[in-house]
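Below is one structure, written out as structure tokens, with a few remarks after it.
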4 protein chains.
Amino acid sequence: MGRKQSFTETELLDTTKQLVLEHGYDGFHLKLLSQHLSGARSTIYQYYANKEEIVAACMKRVMSAVLDKALAIDEAEPMDALEQLLLVYVEESALHQLLGNASKINTANSSAAARDLEYIEAGHQTLKIQLSRLFERAQQNKDLRQDIPLPVLIGVFFNLIDTPNMLNIPTPAWGKLLFQMWIGGAKS
Amino acid sequence: MGRKQSFTETELLDTTKQLVLEHGYDGFHLKLLSQHLSGARSTIYQYYANKEEIVAACMKRVMSAVLDKALAIDEAEPMDALEQLLLVYVEESALHQLLGNASKINTANSSAAARDLEYIEAGHQTLKIQLSRLFERAQQNKDLRQDIPLPVLIGVFFNLIDTPNMLNIPTPAWGKLLFQMWIGGAKS
Amino acid sequence: MGRKQSFTETELLDTTKQLVLEHGYDGFHLKLLSQHLSGARSTIYQYYANKEEIVAACMKRVMSAVLDKALAIDEAEPMDALEQLLLVYVEESALHQLLGNASKINTANSSAAARDLEYIEAGHQTLKIQLSRLFERAQQNKDLRQDIPLPVLIGVFFNLIDTPNMLNIPTPAWGKLLFQMWIGGAKS
Amino acid sequence: MGRKQSFTETELLDTTKQLVLEHGYDGFHLKLLSQHLSGARSTIYQYYANKEEIVAACMKRVMSAVLDKALAIDEAEPMDALEQLLLVYVEESALHQLLGNASKINTANSSAAARDLEYIEAGHQTLKIQLSRLFERAQQNKDLRQDIPLPVLIGVFFNLIDTPNMLNIPTPAWGKLLFQMWIGGAKS
DNA sequence: TATGAATGAGCATTCATTCAT
DNA sequence: AATGAATGAATGCTCATTCAT
């Protein structure tokens, strides 16, 4: 056996996630990353060939987790499903923020990164389809107002995710609260 | 006397605004900026002493515009005022996004940037106070539901600004629509 | 582990000393430095964070060497001690010339440079005190003429150091010669 | 007539002299120069084609002044002449310091600068010859000790010029004092 | 003539990536 | 396998010099 393992791939991706969220894609450096890990900067290249691949892999993993959770939702009752879905998105709000950086990844250098981004794009589509499916069914059930275009309803729903939880309400309650607001509006 | 300017300060700040929104603070380079202007990179230093000052001045100008518009609103009817305010924020949604970068500006190098950031911070406070004032009055008027904490109502209101307008609805109508959604909710 | 160093820290500081003496602080560039070393310019940053730190560290090292030698002198006989001290200063005449540049170092960027400069300043004081002590004792012993103010005697003594040794007399003899001149004057 | 004269050539050279002494050749910038004059930076190019020419012209002017004064000295009595000469050098101690920078001037760009430097070099020779002449005559007169090589006597004499006048003694008295020290030495 | 503005060359510094131990 | 060290490319910024009014 060679040297002891300095850090695991999971640690690497977890740290990457945290740092990209904190500093943005352009503010994310491998030097920064290595400072938050237990090994040397050059060791990172044992796992990934370049910066792009790291971030792409990180995004892919987050997407994968969201897909798992989102597709496990029981869609019998559309409105219930939407509430559960909102909770999933709020729990994994990193996804939305991370993906904002996806377009900055230069895939020219790296086919692995390109593949990951394709996976992410496909996942994105899957989620969109699920969301549209639920919204359409909810609308057919007359659960949603008709005077506002569906894409706007969806957009507002989706945008809720990033609302800062300044009172630090526990995530499940926070998800419920946002759903309430979205459903019932602000008016008394 | 002297040569004709190759670009104006306004062009410089407009371009900066666009590029910071597009690339984020860390992705914003003076090389990039000069490529979107008609002159050389070094010419930029005729206007501002360093990168920090450019971005700070850009933010200050946007803040100033928003303050002008926001403080001109007639606050007689709180709910009407909030609708108008939302429109202002949507029109100037750049403010919100730009200001997310404010903390990255290193003011150690530049007192001018520090001064601009103070102005921005003061403006931020002014806007917050206006918003709280209107919300409190609306709540006293029983215009807002009481079962949701005020900070959450405010947070959701404010977060609406960033909802992507994917149908490209004209801004005034878009503002109205968002306000409707916020007021009445999604349920039929 | 890791690659072999392309140059040592000692080589770096020695070269810096030579180049600062040759070109002055403002004429000293890292490009110049790297051209006199075996590695690339950016490798220098493995040792020191910036130009200021390099020069400050260089000065500190020279000061340290001079302090070691100067404080090792037996001060029993003031005039003998002064002769030895002059020899030390002549041997290390770089100190005097290097320190002329100390005020140009901008310590705002670098706490390490600031610390080194403080060390240098303290060493300076130590040397000054030693010199004053010896001169005062010499004067009490009536070894020095009284018609010339002590600071002038000291100033001239100190200034001797920079006399160019155009005949390339070996350093010990050169120091002795200067001391003779200083003591006895030029008149026959 | 065109615009009013913004600054004279004399002001330009005086300011240059002061700034080169203060900052050294490499620390001397045209921007700095223009900040100490009443006109714009580009106006400097009405007088001189480049930085090298400015500094060379400045040096030449100082050399010319020194030559005038030095060659006007009555050489009848060598020791008296040397005392007067030392006073001249002390009065014009800038010459010595300025000329330390002469080697840094790149004459490749400028024939005018090259011509000025030649003048300076010739003046240097003239002064050296005068000095040697006086020293030799003084030695023949047995006014100088024989046990120290003439070049050393000359070198020490010349080096006296740069002794810092920390008590701010008026120049004529300061010159006399230095001469006394040089003649009689420090011993009581 | 005087000058405000433009600019390219040059240096400081950072960082992703490669090397060699 | 892990890593310390090397490095070139990229960017921030300055300054001498030129341009055009």
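Any value given below was found using the heavy atoms of this structure, including those in side chains, with hydrogens, waters and symmetry copies removed. These numbers were taken from a predicted model, which means no experiment stands behind them. Numbered from 1 within each chain, the chains take letters A, B, ... in sequence-line order.
Between the C1' atom of F:dC13 and the CD1 atom of B:Ile54 lies a distance of 11 Å, rounded to the nearest Å. When the P atom of F:dC13 is taken as reference, atom CG of C:Asn106 falls 15 Å away, rounded to whole Å. When rounded to the nearest whole Å, the span between OH of A:Tyr47 and P of E:dT17 equals 18 Å. A straight line from CG of B:Leu37 to P of E:dA6 spans 11 Å, rounded to a whole angstrom. Residue C:Lys51 contributes atom NZ, which lies 13 Å from atom C1' of E:dT13 at whole-angstrom precision. Atom pair D:Phe7:CZ and E:dT1:P shows a separation of 13 Å (rounding to whole Å applied). When the C1' atom of F:dG4 is taken as reference, atom CD1 of A:Ile44 falls 14 Å away, rounded to whole Å. What separates NZ of A:Lys31 from P of E:dT17 is a distance of 15 Å, to the nearest Å.
Look at D:Asp26 and C:Lys104 and you find no salt bridge, because none of the NZ, NE, NH1 or NH2 atoms lies under 4.0 Å from a carboxylate O.
For D:Ser6, no side-chain nitrogen or oxygen approaches OP1 or OP2 of E:dT1 to under 4.0 Å. In this model, the phosphate group of F:dG8 is not approached by any side-chain N or O of C:Ser42 to a distance below 4.0 Å at OP1 or OP2.
Listed candidates were E:dT3, E:dT17, F:dT17. Nearest to the side chain of D:Tyr45 is F:dT17. Which of F:dA16, F:dC13, E:dT7 sits closest to the side chain of D:Leu30 comes down to F:dA16. The side chain of C:His29 sits closest to E:dC11 out of F:dA16, E:dC11, F:dC19. With E:dA16, E:dA12, F:dT7 as the candidates, the nucleotide lying closest to the side chain of C:Thr43 is F:dT7.
At distances below 3.5 Å, not a single donor-acceptor pair connects side-chain atoms of D:Ser64 with backbone N or O atoms of D:Lys60. A donor-acceptor contact shorter than 3.5 Å links the side chain of D:Lys51 to the backbone of D:Phe28.
Judged by distance alone with a 3.5 Å cut-off, no donor-acceptor contact links the side chain of B:Gln46 to the base of E:dA5. Side-chain to base pairing of B:Gln5 with E:dA6: no donor and acceptor N or O lie closer than 3.5 Å to each other. A donor and an acceptor atom never sit less than 3.5 Å apart when one is taken from the side chain of B:Arg41 and the other from the base of E:dG8.
Comparing C:Ser38 and B:Ala49 against DNA chain F, the residue whose closest nucleotide sits nearer the 5' end is C:Ser38. For the pair C:Lys4 and A:Leu32, nearest-nucleotide mapping onto DNA chain E gives the more 5' position to A:Leu32.
Considering SG of A:Cys58 and CE of A:Met63, their distance stands at 12.0 Å, rounded to 0.5 Å. The CD1 atom of B:Ile105 sits 8.5 Å away from the CG atom of B:Asp116 when rounded to the nearest 0.5 Å.
Figure legend. E:dC19 is base-paired to F:dG4; pairs are counted as Watson-Crick or G-U wobble with both atom distances under 3.5 Å.
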